[in-house]
**Student:** 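Before I ask anything, let me first share the structure, which is written out below as structure tokens.
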2 protein chains.
Amino acid sequence: MPVLPEPAATVEKVDTSYLETLMGYNARRAALRVIDLFSRRMAVYELRPVDFSVLSLIGHNPGITSRQLCSALNILPPNLVGKISSMEKRALLARKPHPQDRRAVGLHLTELGIELMSDAERIALDLESEATSRLSAAEKKTLMRLLQKIYL
Amino acid sequence: MPVLPEPAATVEKVDTSYLETLMGYNARRAALRVIDLFSRRMAVYELRPVDFSVLSLIGHNPGITSRQLCSALNILPPNLVGKISSMEKRALLARKPHPQDRRAVGLHLTELGIELMSDAERIALDLESEATSRLSAAEKKTLMRLLQKIYL
DNA sequence: TATTGTTATACTCTATAACTATA
DNA sequence: TATAGTTATAGAGTATAACAATA
């Protein structure tokens, strides 16, 4: 009977089953997948995911302040400043004096901003259904609801 | 009859309902929530989420190569080099010559690495159940399955 | 020729401290 | 004294190009 050589430690197929039991791992991988697709599709509009969220919230909440945006989107004020001024330079949004508080600034979409977001929201809808193409309508609804139970 | 002044555009409560219809938004917010918790709990071990994934895959796949790690975790080779050498300096992992391919390096956990990951995986389990405390066991299982249908 | 691992490097994202003007 | 917005800056994450050694 021949003596088999000690098998060398090599990995044929990587076993990821443990990581796949962790919610953090699954949520991160899924989020990155959708966001990568989003970034590629929105590149023509030069809108990153957070830019899109900011413009969308301004569009649906005319007069919203920077502070309110930061709270709603969980971003820090210093990191919003550059985005706002950049999008103001692109004439996508306008800053107006806040009627009650002279420290604050009310944010509004311009006509150009409204048009761009109209296109962008249509693109977003397409890319979302592409990213979730393997889920049924009921599964999508369930997934959204369960995700919101985590972060809301 | 008094003429009411034109109401100023101020936002009382921010309406986020549109964003909450987007999978990308929900997945990103939920992932960031779990990962923030993870980062804070793992700070004592100086393990970031990706470091944990790397050590975990090495632990469950002794002899795995950098290239295999990059493919499995969707990270780029140049961004793994620093992590590997840093964790080698901390004596958490060892690099051994690959038995068949002299270009490659097989990665293995040290005794110290095994002990640290044993603790870390226990912490991870705790923090995961904290992050998903509002979900039933069945909901957790469903959520994992649906997330995997997006990225796997 | 193609692949593994690596260096250098640039760009983006995120975080903290400190300032100003208003409340 | 506290808050809205801002500046400066440091650190972490992510991307591409190019190289040496080996397949």
Side-chain angles (χ1 to χ4, degrees), chain A residues 10-11 14 24 28-29 31-33 35-40 42-43 46-54 58 61 63-89 93-108, chain B residues 10-11 14 24 28-29 31-33 35-40 42-43 46-54 58 63-89 93-107:
Chain A
T10 61
V11 175
V14 178
R28 182 169 188 269
R29 292 298 301 266
L32 287 177
R33 175 78 193 282
I35 289 162
D36 278 6
L37 190 57
F38 185 100
S39 301
R40 271 180 284 133
M42 291 292 176
E46 293 181 84
L47 283 188
R48 290 133 194 299
V50 177
D51 299 331
F52 177 91
S53 298
V54 167
I58 296 174
N61 300 270
I64 192 173
T65 67
S66 290
R67 188 70 185 82
Q68 288 176 309
L69 276 174
C70 286
S71 294
L73 295 174
N74 196 30
I75 54 185
L76 293 168
N79 299 331
L80 183 62
V81 175
K83 293 177 192 301
I84 295 290
S85 72
S86 153
M87 293 194 283
E88 190 184 21
K89 273 177 196 133
L93 60 82
R95 303 165 7 128
K96 301 183 183 174
H98 191 282
Q100 277 113 48
D101 187 339
R102 276 187 299 166
R103 294 171 303 180
V105 179
L107 300 170
H108 302 260
Chain B
T10 61
V11 175
V14 177
R28 181 168 189 269
R29 292 298 300 267
L32 287 176
R33 175 78 193 282
I35 289 162
D36 278 7
L37 190 57
F38 185 100
S39 300
R40 270 180 284 136
M42 290 293 176
E46 292 183 81
L47 283 188
R48 293 142 195 299
V50 176
D51 299 330
F52 177 90
S53 298
V54 167
I58 297 173
I64 192 173
T65 67
S66 290
R67 187 72 184 82
Q68 288 177 309
L69 275 174
C70 285
S71 294
L73 296 175
N74 196 31
I75 54 185
L76 294 168
N79 300 330
L80 183 62
V81 175
K83 292 179 194 299
I84 295 290
S85 73
S86 152
M87 292 194 284
E88 191 184 23
K89 273 177 196 134
L93 59 83
R95 301 165 10 128
K96 299 184 184 173
H98 191 282
Q100 278 113 48
D101 188 338
R102 277 188 298 166
R103 294 171 303 180
V105 179
L107 300 170

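Predicted, not measured: the structure shown is a model, and the values here were computed from it. Values below: every heavy atom of this structure, side chains too, minus hydrogens, waters and symmetry copies. Lettering of chains follows the sequences in order, A, B, ..., and the numbering in each one begins at 1.
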**Student:** Whole-Å distance between dG5(D) P and H98(A) NE2?
**Tutor:** 8 Å

**Student:** Provide the closest heavy-atom pair for C70(A) versus L76(A) in the form atom of the first, atom of the second, distance.
**Tutor:** SG-C, 3.9 Å

**Student:** Can you tell me how far P of dG13(D) sits from CG of L73(B), to the nearest Å?
**Tutor:** 14 Å

**Student:** How would you list, by chain and number, every residue that makes a side chain to side chain contact (heavy atoms under 4.5 Å, CB included) with L37(B), sequence neighbours excluded?
**Tutor:** R40(B), R41(B), L127(B), E130(B), A131(B)

**Student:** Assess the residue pair L69(B) and I58(B) against the criterion (side-chain contact (heavy atoms from CB on, under 4.5 Å)); give the C-alpha distance rounded to whole Å, side-chain angles, the decisive distance to 0.1 Å, and a yes or no.
**Tutor:** CA-CA 8 Å; L69(B) 275 174; I58(B) 297 173; 4.2 Å; yes

**Student:** May I have the distance from L93(B) (atom CG) to dG5(C) (atom P), rounded to whole angstrom?
**Tutor:** 13 Å

**Student:** Find the bend of the helix from dT1(C)-dA23(D) to dA23(C)-dT1(D) as the angle between its two terminal axes (five pairs each), to the nearest 10°.
**Tutor:** 0°

**Student:** Just to verify, what does R103(B) make a salt bridge (Lys or Arg N to Asp or Glu O under 4.0 Å) with, not counting sequence neighbours?
**Tutor:** D101(B)

**Student:** So which protein nitrogen or oxygen atoms get under 3.5 Å of nucleotides 21-23 of chain D's nitrogens or oxygens?
**Tutor:**
residue	atom	partner	partner atom	Å
dA23(D)	OP1	R102(B)	N	2.9
dA23(D)	OP2	R102(B)	NH2	3.2

**Student:** Taking the side chain as everything from C-beta on, heavy atoms only, tell me whether V105(A) gets closer than 4.5 Å to S66(A).
**Tutor:** no

**Student:** In chain order, what residues pass the side-chain hydrogen bond (donor to acceptor under 3.5 Å, both in side chains) check against R33(B), with sequence neighbours excluded?
**Tutor:** none

**Student:** Please name all residues satisfying side chain to side chain contact (heavy atoms under 4.5 Å, CB included) with T65(B), sequence neighbours left out, ordered by chain then number.
**Tutor:** R67(B), Q68(B), H98(B), A104(B)

**Student:** What's the CZ-P distance between R67(A) and dA2(D), to the nearest Å?
**Tutor:** 15 Å

**Student:** Indicate for each nucleotide in nucleotides 10-17 of chain C, in 5' to 3' sequence, whether protein heavy atoms under 4.0 Å reach the base (B), only the sugar-phosphate (S), or nothing (-).
**Tutor:** --SSBBBB

**Student:** Does the side chain of N74(B) reach to within under 4.5 Å of the side chain of L32(A), using non-hydrogen atoms?
**Tutor:** no

**Student:** So H108(A) and L93(A), do their side chains get closer than 4.5 Å, heavy atoms only?
**Tutor:** no

**Student:** Taking only residues two or more places apart in sequence or in another chain, which ones pass salt bridge (Lys or Arg N to Asp or Glu O under 4.0 Å) with E46(A)?
**Tutor:** none

**Student:** Kindly write out the residues that satisfy salt bridge (Lys or Arg N to Asp or Glu O under 4.0 Å) with R95(A), not counting sequence neighbours, or none if the list is empty.
**Tutor:** E88(A)

**Student:** How many whole angstroms separate atom CG of L80(A) from atom C1' of dT7(D)?
**Tutor:** 14 Å

**Student:** E46(B) CD to dG11(D) P: how many Å, rounded?
**Tutor:** 15 Å

